[in-house]
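Whatever order the structure lists ligands and atoms in, that order sets their numbers, starting from 1. The figures here come from the full heavy-atom set of this structure, side chains too, leaving out hydrogens, waters and symmetry mates.
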Amino acid sequence: MKLTLSVIKADIGGYVGHCSSHPDVLTRAEKNMAAAKKAGTLIDYHVTRCGDDLQLIMTHQKGEENGEIHKLSWDTFLACTDVAKKLKLHGAGQDLLSDAFSGNVKGMGPGVAEMEIEERDAESIVIFMADKTASGAFNLPLYKIFADPFNTVGLVIAGNMHGGFAFEIHDVKEHKKVMLNAPEEIYDMLVFLGAPSRYAVKAVFHRETKDIAAVSSTQRLSMMAGRYVGKDDPVCIVRCQGYFPAVGEVLEPFAGPNIVEGWMRGSHHGPLMPTSVAQSNPTRFDGPPRIIAAGFQLSGGMLVGPNDLFDDPAFDNARKQANDIADILRRMGPFEPHRLPLEEMEYTTLPQVMKKLKGRLIDLD
Ligand code: 13P
Ligand code: 13P
Ligand code: MG
Ligand code: MG
């Protein structure tokens, strides 16, 4: 059967500060989703959160960018914002950049990852959700999962994956895209992927079947808003098993923490720490950045799960390493490379300081 999986997320208010979500907000989202399931709009849903980001995971048969599904998400975010406002949560309605909904939440603040698939006999999927980081954070893990044989041995020893994967890469600043093939174009590909603040992997495709393997949200909140309102806190859907990488190959990149942009005030580099949902509460210096992984089997569109995949002692070392990296980076305080370079910072007082020091800043001879 043809099935659409939509993951739509927004930060509609933090509890306390930016570190977590209030249970009443999740309960409100559940209520809306349950009503949509009862009405037949959705086949199934799962509501969760990563840090202060509310995540709506939905299955239906209406295709990608469907007005009804996007409106349902938008209305759910608005209803949850009302709850957040009543509780005076921090940054209530933070990611909702406009009050005029026009059929699609794209460009309005929420992050969106959607894929239409033909559900396989066993459809194993992993949904990654991150907090305190930006959309390019998936570049390194997606490269490892779909192009690095030292991560994914299936690329070497599984005949149905040996033909490789194609990467759709977006230039989020110039609004351009390019398709590049692994393995033969990996050196070209890495020129882009290594610059995650500018280029982000939007989707990955199995080259022989052309089937979609992964899709991520690439919306850049600061570019939509033209000012700092919060970080993108992206999501990514990955199909697993069969002619896609195994679940363990998909999780493997997170066994060694990647350093990403985000963390305090969206203006720092920090380690991406894999945790259970319960531990996705970025408290220390509003971090370090978190990632959770919800695993599901799809059955006729029903979301069988979630299995909280990072709730496993096998990721204890990654968490320890992330804490060690956090200690080292934090020692630098406001210095680069812990603090982002000037042009990447979400906040800056540079113009004010320059104005104040006007006249004192004099030419060198
Ligand atoms: P099973 O034999 O348990 O299905 O495992 C196969 C596999 O893909 C392991 O990565
Ligand atoms: P969020 O994007 O998760 O709201 O974080 C914002 C921030 O500034 C944290 O310090
Ligand atoms: Mg927030
Ligand atoms: Mg957040």
Side-chain angles (χ1 to χ4, degrees), residues 7-26 29 47-56 73 77 80-81 83-85 87-97 105 108-113 127-138 172 196-197 200 216-236 260-275 277-292 294 326 329-330 333-334 338-340 344-349:
V7 182
I8 305 187
K9 52 85 41 187
D11 177 344
I12 55 83
Y15 168 66
V16 170
H18 289 282
C19 75
S20 193
S21 304
H22 194 282
D24 290 0
V25 167
L26 294 162
V47 173
T48 189
R49 55 105 195 170
C50 180
D52 62 0
D53 288 84
L54 174 62
Q55 313 282 346
L56 308 177
S73 309
F77 293 140
C80 291
T81 299
V83 175
K85 281 187 174 155
L87 298 169
K88 293 178 81 173
L89 298 184
H90 183 67
Q94 175 181 290
D95 287 359
L96 310 182
L97 303 179
V105 297
M108 300 189 70
V112 182
I127 301 175
F128 292 106
M129 294 159 270
D131 189 28
K132 304 295 177 273
T133 188
S135 60
F138 289 115
V172 297
S197 60
S216 76
S217 61
T218 48
Q219 287 80 16
R220 291 292 304 230
L221 204 49
S222 59
M223 281 177 210
M224 288 185 254
R227 66 193 150 87
Y228 182 60
V229 285
K231 266 298 189 215
D232 316 327
D233 301 339
V235 292
C236 181
V260 296
E261 69 169 72
W263 207 347
M264 175 57 76
R265 297 175 190 273
S267 301
H268 294 79
H269 282 121
L272 187 60
M273 180 189 272
T275 65
V277 179
Q279 291 194 332
S280 68
N281 305 304
T283 52
R284 182 186 177 186
F285 198 57
D286 287 1
R290 298 302 150 107
I291 184 153
I292 58 170
L329 288 173
R330 282 299 303 129
H338 177 30
R339 201 213 67 203
L340 297 184
E344 298 296 337
M345 272 204 300
E346 301 285 6
Y347 273 77
T348 179
T349 45

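- Ligand 2 places these atoms under 4.0 Å from at least one heavy atom of Met264: 10 (O).
- Salt bridge absent: Arg220 and Glu344 never bring a charged side-chain N and a carboxylate O closer than 4.0 Å.
- Applying the side-chain hydrogen bond (donor to acceptor under 3.5 Å, both in side chains) criterion to Ser222, with sequence neighbours excluded, gives no partner residue.
- Annotation: side chain of Ser280 is in contact with side chain of Arg49 (closest heavy-atom distance under 4.5 Å).
- For atom 10 (O) of ligand 2, the closest non-hydrogen atom of the protein is Asp286 OD2, 2.6 Å.
- The nearest protein atom to atom 2 (O) of ligand 2, hydrogens excluded, is given as Lys231 N, 2.6 Å; this is a heavy-atom distance.
- Within the protein, the number of N, O or S atoms lying under 2.8 Å from the Mg ion (ligand 4) is 4.
- Protein heavy atom in closest approach to atom 3 (O) of ligand 2: Lys132 NZ, 2.6 Å.
- Distance alone, capped at 3.5 Å, is enough to place a donor-acceptor pair between the His338 side chain and the His269 backbone.
- Looking only at side-chain heavy atoms (C-beta outward), Leu54 and Val47 come within less than 4.5 Å of each other.
- Evaluation of the side-chain contact (heavy atoms from CB on, under 4.5 Å) rule for Gln279 yields Thr275, Ser276, Arg319 as partners, not counting sequence neighbours.
- In this structure, Asp232 contributes its side chain and Ser135 its backbone to a donor-acceptor pair below 3.5 Å.
- In summary, the atoms of ligand 2 found under 4.0 Å from a heavy atom of Arg265, numbered by their order in the structure, are 7 (C), 8 (O), 9 (C), 10 (O).
- At a 4.0 Å heavy-atom cut-off, ligand 2 touches His18 through the side chain alone.
- Which parts of ligand 2 touch Gly230 is read off a 4.0 Å heavy-atom cut-off, strictly below it: atoms 2 (O).
- Asp53 places a side-chain heavy atom less than 4.5 Å from the side chain of Asp95.
- Atoms of ligand 2 lying under 4.0 Å from any heavy atom of Gln94, numbered from 1 in the order shown and given with element: 1 (P), 2 (O), 4 (O).
- The salt bridge (charged side-chain N to carboxylate O under 4.0 Å, His left out) check on Lys132 picks up Asp52, with sequence neighbours excluded.
- Here the options are Ile291, Ile292, Val235, the test is side-chain contact (heavy atoms from CB on, under 4.5 Å), and the partner is Phe128; only Ile291 passes.
- Closest protein heavy atom to atom 8 (O) of ligand 2: Tyr228 OH, 2.8 Å.
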